[in-house]
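Let me begin by presenting the structure, written as structure tokens, before commenting on it.
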Amino acid sequence: MYTLLLALIYIAFISLGLPDSLLGSGWPVMHISLNVPISFMGILSMIISGGTVIASLFSDRMTRKFGTRIVTVVSVFLTALALLGFSVSNHFWMMIVFSIPYGLGAGAIDAALNNYVALHYSSRHMSWLHCFWGVGTIVSPFVMSYSLANTAWYMGYRLIGFIQLGIAILLLVTLPVWKVNRTITENTSQQKGLIGVLKIKGVPFLLIGFFAYCAAEATAMNWASTYMTEVRNIAADTAAQFAALFYIGMTLGRFLGGFVMNKLGDRKMILLGTFVLFCGIIALLLPINTPVVPITGFIIIGLGCAPIYPCIIHSTPYNFGAENSGKIIGIQMASAYIGSTFMSPLFGFLGSHFNFNILPVFLAVFFLLMITMTETTFRITARK
């Protein structure tokens with residue numbers, strides 16, 4: 001039962017990753033079909049991110065009331081509904097409407113399952129959990145590409161929507177499996193409000209660090225292709241293909257990292273990942289005019305990023321107690337979405353007004369802020 005439940009959680013996290021790269025891969029065609037400017041993707045992204053932030057902040061309350069298993073099943077059904085809704089949307093306002101359940105469902109799954117795995121499973125399983133999210137993000141662009149080549153963009157959403165619906169039904173019929181850890185989970189979280197959580201020593205530093213990490217990760221993901229095109233003079237189609245190596249590097253790093261995480265522990269893995277990603281940033285700064293250098297740099301940054309997100313999450317119950325982890329992880333998810341939503345566009349603004357060659361420096365500043373804040377958190381909680 002214990003292993004079966006873990007497999008179901010992995011499948012649920014694939015469902016979280018599946019829709020994440022659909023919008024970006026299909027939007028160049030979608031905006032023409034919907035007769036809106038290409039910039040309108042930002043509107044949908046903001047609505048989805050807003051929903052995830054709200055769901056993350058309320059995830060602990062929902063989990064205490066309904067349980068992780070119910071929250072997970074309902075959330076996957078919500079995202080399936082949203083994806084199928086996207087597939088029948090022939091007006092932009094319809095996309096806006098269906099973005100709301102998509103954001104709410106994604107945020108609830110993310111916070112609830114991260115807390116559940118942090119409480120009941122080792123850091124190895126947390127790393128592999130996020131590896132399966134990467135699998136979802138890698139699969140869906142291929143589905144969209146197939147749909148664009150053979151039918152239309154809406155079929156990509158329809159296919160992923162049906163896959164999501166199948167996952168939701170699987171989770172529904174296997175609800176009894178979750179009882180293996182149910183009692184522990186429902187009784188660990190305390191009734192603390194947002195202000196009460198922020199007063200816990202170390203939490204503000206943790207939130208700033210997580211905000212900074214997710215800001216840098218999202219910026220690297222979104223602007224790698226532009227950097228290689230504008231700064232390194234690599235052809236746009238080639239740069240787009242190479243930018244995907246960042247995702248692959250991060251997914252591979254999370255898979256391989258799972259084999260050593262239990263031995264090294266969360267804190268050492270965060271330090272190791274930070275050291276590796278700074279090697280990647282240094283590679284980007286090298287004045288060598290060959291595509292191999294930036295490509296290698298982004299792969300190394302992806303590998304370095306791999307353990308940081310899951311290890312920060314997994315260390316939360318250890319640092320602040322299981323009774324506080326649900327609320328804190330929910331707020332962490334909210335800070336993550338805020339960082340990824342607003343800092344990546346900020347870099348776009350800075351890059352367009354100055355030069356996109358500032359990307360390595362921009363990443364270095366946020367990664368340095370991340371490691372400073374997380375190390376401060378570990379020192380404070382160690383004294384406690």
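For the numbers below, each heavy atom of this structure counts, side chains included, while hydrogens, waters and symmetry mates do not.
Partners of Phe362 by ring pair (Phe, Tyr, Trp, His ring centres under 6.0 Å), not counting sequence neighbours, listed by chain and number: Phe347, Phe366. Here Thr274 pairs with Ile270, Phe278, Ile308, Met370, Ile371 under the side chain to side chain contact (heavy atoms under 4.5 Å, CB included) rule; sequence neighbours left out. With sequence neighbours left out, Arg158 forms a salt bridge (charged side-chain N to carboxylate O under 4.0 Å, His left out) with no residue at all. With sequence neighbours excluded, the residues satisfying side chain to side chain contact (heavy atoms under 4.5 Å, CB included) with Thr174 are Leu8, Leu170, Val177. Residues that satisfy the side chain to side chain contact (heavy atoms under 4.5 Å, CB included) test with Tyr10, not counting sequence neighbours, are Leu6, His125, Trp128, Leu129, Phe132. Listed by chain and number, the residues in a side chain to side chain contact (heavy atoms under 4.5 Å, CB included) with Ala108 are Ala55, Met62, Val71, Ser75 (sequence neighbours excluded).
The aromatic rings of Phe86 and Phe98 sit perpendicular to each other, their planes meeting at more than 60°, with 30° as the lower class boundary.
The hydrophobic cluster containing Tyr102, built from Ile/Leu/Val/Met/Phe/Trp/Tyr side-chain heavy atoms closer than 4.5 Å, also comprises Ile48. The hydrophobic cluster around Ile288 extends to Leu286, Val293, counting ILVMFWY residues whose side-chain heavy atoms fall within less than 4.5 Å of a member. Cluster partners of Val97, by chain and number: Trp93, Met94. The rule joins Ile, Leu, Val, Met, Phe, Trp and Tyr whenever side-chain heavy atoms lie under 4.5 Å apart. Other residues sharing the hydrophobic cluster of Ile32, ordered by chain and number and joined by side-chain separations under 4.5 Å: none, the residue standing alone.
Sorted by first and then second residue, the pairs that involve residues 341-353 and meet side chain to side chain donor-acceptor pair (under 3.5 Å), not counting sequence neighbours, are Ser49-Thr341, Asn222-Ser344, Trp223-Ser344. Pairs passing the side chain to side chain donor-acceptor pair (under 3.5 Å) check and including a residue from residues 280-297, sequence neighbours excluded, do not occur.
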